[in-house]
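All remarks here apply to the structure that follows.
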Protein chains: 2
Amino acid sequence: MSATRDTINDKTRLSADAWAQAALDAIADQGIAGVAVEPLARRLGVTKGSFYWHFSNREALLKRALERWEEQETGVPFQSLENETDPRRRLQRVIREVNTSLRTSRIYQALSAAADDPLIAAFVTRVSTRRIETLRHYYQAVGLSPEHASRWARLTYSVFLGTLQIRRDMPAEWPHTDSTEFSQYIAFLERALLPDDDAMNPDLAAPAHPGAALTGTPAANAATKS
Amino acid sequence: MSATRDTINDKTRLSADAWAQAALDAIADQGIAGVAVEPLARRLGVTKGSFYWHFSNREALLKRALERWEEQETGVPFQSLENETDPRRRLQRVIREVNTSLRTSRIYQALSAAADDPLIAAFVTRVSTRRIETLRHYYQAVGLSPEHASRWARLTYSVFLGTLQIRRDMPAEWPHTDSTEFSQYIAFLERALLPDDDAMNPDLAAPAHPGAALTGTPAANAATKS
DNA sequence: TACTCTCAATACGCCTGCGTATGGAATACT
DNA sequence: AGTATTCCATACGCAGGCGTATTGAGAGTA
């Protein structure tokens, strides 16, 4: 989209960044195979001659596109949550938003699918490691030890990645965005992926409704056992 | 490996199934791109002439390989758990084993990475849907309603998929198989992915160790809140 | 206007994979 | 043995992508 030049016969010359952005767009909707010189040139309305003036080869373009992506990606999809003061609410929000939106995930999925390429793998690893690190901080902020925070972060990021895949490959298993099942599942996730702090308030920890056993809320009272 | 014929100059002719198996092997260690007629022929020590006698085209080989995979995959990785009588222990075991072994996952990951191909996507969808369905049954067997079982199954399968990806793309984030952190994380997963049944025994549900608050065990007592 | 620098078009050769056509060797059949 | 059938090798044409070399058009500058 943003790759096709404003008007089809725009006389403006192309910049290297224009090529990089076009490559990213191509990744988003055709995967890594979309990053091919001649097809991209056609899409941009030019020929290879342009490309090989700006870049030495395809690899260079890919690298540049990945760098561009990594910049844009830094903080995403966890951005705009730093101003959330309550650490517990911040975790809830990140769980909710990350498993709701699909915005930036297309490129990530395409890159992850091509992680056999060492260059791509390096970027994917960096970005994901940073994300897990962020989650780790968030979990520590609610009072967990580093070890426990690591486990929760790992779990939550697994769920995020797995959910992406489910939504892509088994859409039938994913509730429609405006259904009640959808909001219920998100609430379910928030509970499953948040360490309970009720134990901090022993008066609330007593099972007010024993009949609620096995209603499907996550791992009640597991904390009391070990 | 099993694709290379027994002895390098074995005079035995090839069967279509040999090609299909070779294709699966190629998928496992080169991805879908490994399913290419001429490279496969070289690997098998023959030429294209053989291939195009057994198959009409590349697509046909891929289809056959996928069918072969789907058969072998049916029940895996949840097989050999049907004889586990205690439904709760069965879930524990499936969570443990699925997130421990990597056996059959290489092909799955390669296929999932190539899910832009509609043919491949169809197989991936079927296999994964069946797996989720199995998990759903397992969760119902411990007493959950169909709705809640669906959510738990979806969550657990997400974790499985996401964990696969983490182990492949961010191995540094995954504890070494024989470390104590590894076994601790698996135990953590078992708790996080299993609905608590302590609520069935209200006498145990009382927080025996309130000091255990925020130790990192999953979502204690969430069941008592809604 | 002449000159230079930037960007792009054209044309070419290379490689790799797909699919076809045809002939030949090995095996099975009678 | 002779024939037919099964399986494979060889040779070919085609397509698409990569990278190079060369030419050319436009814009800026003196």
Task: A:Y108 backbone acceptor or donor facing A:S112 side chain under 3.5 Å - done: no
Open item on the list: What I want to find out is whether B:R136 reaches B:E133 closely enough, with some N-O distance under 4.0 Å, to be called a salt bridge.
Closed with: yes
Open item on the list: So if I take residues 33-42 of chain B and measure heavy-atom distances to DNA chain C, which residues fall below 4.0 Å?
Closed with: B:A36, B:V37, B:E38, B:P39, B:R42
TODO: Describe, in one word, how the ring planes of B:F51 and B:F55 are oriented to each other, choosing from parallel (under 30°), tilted (30 to 60°) and perpendicular (over 60°).
DONE: parallel
Task: More than 12 heavy atoms from other groups under 6.0 Å of CZ on B:R106 - done: no
Open item on the list: Can you list, in residue-number order, the parts of residues 54-66 of chain A that come under 4.0 Å of DNA chain D, counting heavy atoms only?
Closed with: A:N57, A:R58
Open item on the list: For B:K63, is there an ion pair with B:E67 - N to carboxylate O distance below 4.0 angstrom?
Closed with: yes
Task: Quiz item: cation-pi between B:R154 and A:Y185, 6.0 Å / 45° - done: yes
- [ ] Write down the distance between CZ (A:F51) and P (D:dT20), rounded to a whole number of angstrom.
- [x] 11 Å
Task: Among C:dA9, D:dC7, D:dT10, the one nearest B:T47 by side-chain distance - done: D:dT10
TODO: Grab the CD1-P distance between A:I32 and D:dC18 for me, whole Å please.
DONE: 13 Å
Task: Whole-Å gap separating P (D:dT22) and CH2 (A:W53) - done: 19 Å
TODO: Grab the OH-C1' distance between B:Y52 and C:dT22 for me, whole Å please.
DONE: 16 Å
Task: Partner of B:T163 by side chain to side chain contact (heavy atoms under 4.5 Å, CB included), out of B:I166, B:L161, B:V159 - done: B:V159
Open item on the list: Could you tell me if B:R126 sits above the aromatic ring of B:F123, with its cationic atom closer than 6.0 Å to the ring centre and no more than 45 degrees from the axis?
Closed with: yes
